[in-house]
2 protein chains.
Amino acid sequence: MPRNKSYNTNDVLEKAMHVFWNNGYEQTSVRMLEKEMGINQFSIYSSFTSKHNLFVESLKKYREYVNKNVYADLLKPGARLKDLELFLNRFTEHKITGKKYKGCLVVNSTGEINPADDEVSVELNNYYMFNREMLKKVLSNSIEAGDISPETDIDKYSNFLLGVMQGLSVGAKVLPETQIRDFIKVSLSVFK
Amino acid sequence: MPRNKSYNTNDVLEKAMHVFWNNGYEQTSVRMLEKEMGINQFSIYSSFTSKHNLFVESLKKYREYVNKNVYADLLKPGARLKDLELFLNRFTEHKITGKKYKGCLVVNSTGEINPADDEVSVELNNYYMFNREMLKKVLSNSIEAGDISPETDIDKYSNFLLGVMQGLSVGAKVLPETQIRDFIKVSLSVFK
DNA sequence: CTGAATTCTAAGCAAATGCTTTGTTATAAA
DNA sequence: TTTATAACAAAGCATTTGCTTAGAATTCAG
């Protein structure tokens, strides 16, 4: 008998994610969310309980979003080192297009959020673990394809690459293109 | 004829810096600053104009602070690669002592602050530039000492190391010790 | 001691914050 | 058509925000 929702929960969640991505958690007010999600505060709270919970859900959504729109090539079944190189170099793309790189929502949040916030911390960790698994797959594919030595310690080097990606997420926001390119070049040279 | 200040501007600024470091910019309220700095809002505003300006001053103070308390060994005249290794491994210290690593104020702020905030952005850049110069010095010292090849491209490798430090500042907040150690090990292996 | 200068305390300001309540409107099973 | 149900819009809530003002307290040259 109830009235129907006039919005799709998944759609408005994705919109919320973008607001958090653009402004950070604290800088994002419920009024801003209201505006961008296109629904009013009552609906936000009845669907997502609290601003904090909406943020946690946004982090989950972010993982889904980047897997589809950013990591797609790297998640393809046979992705190898050359795909990783292409991917890393995309961290410099905005320098050419002139757009400002807003960084990775998860890395930004790692900087902003109180480490005692367990709900958020878990989600940040999930994201990094997922990235690490992706990198491990790329490395094992690269071994299989003969790109790198079969003796390569996949665990060790995936941890290295995860660190490189975290560094890039910070660096790409503030450093000039040449410095980022150097960072990528030297990082990948460990496989030669 | 005027009344004397009952506080030292430099002292209270350092206290403010720690509040920002512990809580981030947005999470820090003027009431918290009032409490920790030990002076009231009137004095804060008459000495530092605004919360935003106090933050910018805190970033400058932070550079001074870490040079003295964190980078000291790396800034010593003859600092070499082995000093850098010791320094990087300190990113894992808190994992042993059990304390939570609160990260680097500048890296945290790079994640939190709106990139359009020019005053802050300039200060973040100053910090990274200074770090880069420090790393260049370490590399040239290492060449001189015969630790690494005299053909080492100092610019290129200092950019790499800066990226590594940015990655560590993020990673050390959330990743387990082994992963951080792997990141450091592989990073330094580029010099072998 | 006097008095101009500058500090201090503490109260106060409008605006913004996260969240809730109220009353109306749409829905679809009975 | 009726009616229980849930979604809606909009106003309202207490609290907190960054910042200011008003008045008392302290200083030291004259």
Side-chain angles (χ1 to χ4, degrees), chain A residues 1-59 61 109 112-114 116-120 123, chain B residues 1-13 15-59 61 105 109 112-114 116-120 123:
Chain A
M1 305 117 146
R3 181 176 177 176
N4 289 339
K5 262 190 196 155
S6 67
Y7 59 92
N8 177 296
T9 310
N10 245 303
D11 290 349
V12 295
L13 176 56
E14 186 166 322
K15 285 177 185 168
M17 178 211 78
H18 282 289
V19 184
F20 283 124
W21 195 357
N22 283 318
N23 306 284
Y25 178 71
E26 287 293 336
Q27 282 270 26
T28 298
S29 73
V30 181
R31 265 79 174 175
M32 292 166 68
L33 289 165
E34 192 174 27
K35 213 170 196 172
E36 296 296 321
M37 295 169 82
I39 61 178
N40 79 349
Q41 301 201 34
F42 174 90
S43 302
I44 293 178
Y45 280 91
S46 73
S47 281
F48 301 101
T49 314
S50 68
K51 181 191 170 188
H52 185 268
N53 181 252
L54 175 57
F55 180 62
V56 175
E57 294 300 320
S58 295
L59 288 173
K61 190 81 196 168
S109 302
E112 177 180 1
I113 264 60
N114 179 354
D117 185 334
D118 289 330
E119 279 185 276
V120 170
E123 210 29 56
Chain B
M1 306 117 146
R3 180 176 177 176
N4 289 337
K5 261 192 198 156
S6 66
Y7 59 92
N8 177 296
T9 311
N10 245 303
D11 291 349
V12 297
L13 176 56
K15 285 178 185 169
M17 179 212 77
H18 282 289
V19 185
F20 283 125
W21 195 356
N22 281 319
N23 306 284
Y25 179 70
E26 287 293 336
Q27 282 270 26
T28 298
S29 73
V30 182
R31 267 78 176 176
M32 292 166 66
L33 289 165
E34 193 174 28
K35 211 169 197 173
E36 297 295 321
M37 295 168 81
I39 62 179
N40 79 349
Q41 302 201 34
F42 174 90
S43 303
I44 293 177
Y45 281 89
S46 74
S47 280
F48 302 101
T49 314
S50 66
K51 180 191 170 188
H52 186 267
N53 182 255
L54 175 57
F55 181 63
V56 174
E57 294 300 320
S58 295
L59 288 174
K61 190 81 197 165
L105 172 59
S109 301
E112 177 180 1
I113 264 59
N114 179 353
D117 185 333
D118 289 332
E119 278 184 278
V120 170
E123 210 28 56

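In what follows, chains carry the letters A, B, and so on, assigned in the order in which the sequence lines appear, proteins first and then strands, with residues in each chain numbered from 1. What you see below is based on every heavy atom in this structure, not just the backbone, and it leaves out hydrogens, waters and symmetry mates.
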Considering only heavy atoms, which members of [range] lie under 4.0 Å from some atom of DNA chain D?
{"range": "residues 18-27 of chain B", "answer": "none"}
{"range": "residues 4-17 of chain A", "answer": "Asn4(A), Lys5(A), Ser6(A), Tyr7(A)"}
{"range": "residues 32-50 of chain A", "answer": "Asn40(A), Phe42(A), Ser43(A)"}

### Task
Check each of Asn23(B), Val19(B), Ile39(B), Val12(B) against Leu33(B) using the side chain to side chain contact (heavy atoms under 4.5 Å, CB included) test, and report the only one that passes.
Val19(B)
Partner set under side chain to side chain donor-acceptor pair (under 3.5 Å) for [X], not counting sequence neighbours:
{"X": "Asn40(A)", "answer": "Ser43(A)"}
{"X": "Asn22(B)", "answer": "Lys102(B)"}
{"X": "Gln27(A)", "answer": "Glu26(B)"}
{"X": "Ser47(B)", "answer": "Tyr7(B)"}

### Message
Suppose we screen for salt bridge (Lys or Arg N to Asp or Glu O under 4.0 Å). Which residues come up paired with Glu112(A), at least two apart in sequence or across chains?
### Response
none
### Query
Taking only residues two or more places apart in sequence or in another chain, which ones pass side-chain contact (heavy atoms from CB on, under 4.5 Å) with Ser29(B)?
Arg31(B), Met32(B)
### Message
With salt bridge (charged side-chain N to carboxylate O under 4.0 Å, His left out) as the rule and sequence neighbours excluded, what pairs involving residues 44-59 of chain B come up?
### Response
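Of all non-adjacent pairs touching residues 44-59 of chain B, those that pass salt bridge (charged side-chain N to carboxylate O under 4.0 Å, His left out) are Glu57(B)-Lys60(B).
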### Interatomic distance, Arg31(A) CZ vs dG18(C) C1' [rounded to whole Å]
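Distance check: Arg31(A) CZ to dG18(C) C1' gives 7 Å.
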### Task
Only pairs at least two apart or in different chains count here, so list each ring-ring contact (aromatic ring centres under 6.0 Å, His included) that has a residue in residues 31-55 of chain B.
Phe20(B)-Phe55(B), Tyr25(B)-Phe55(B)
### Message
Under the side-chain hydrogen bond (donor to acceptor under 3.5 Å, both in side chains) definition, can you give me all pairs with a residue in residues 8-21 of chain A, not counting sequence neighbours?
### Response
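Residue pairs with at least one partner in residues 8-21 of chain A: Lys5(A)-Thr9(A), Asn10(A)-Lys61(A).
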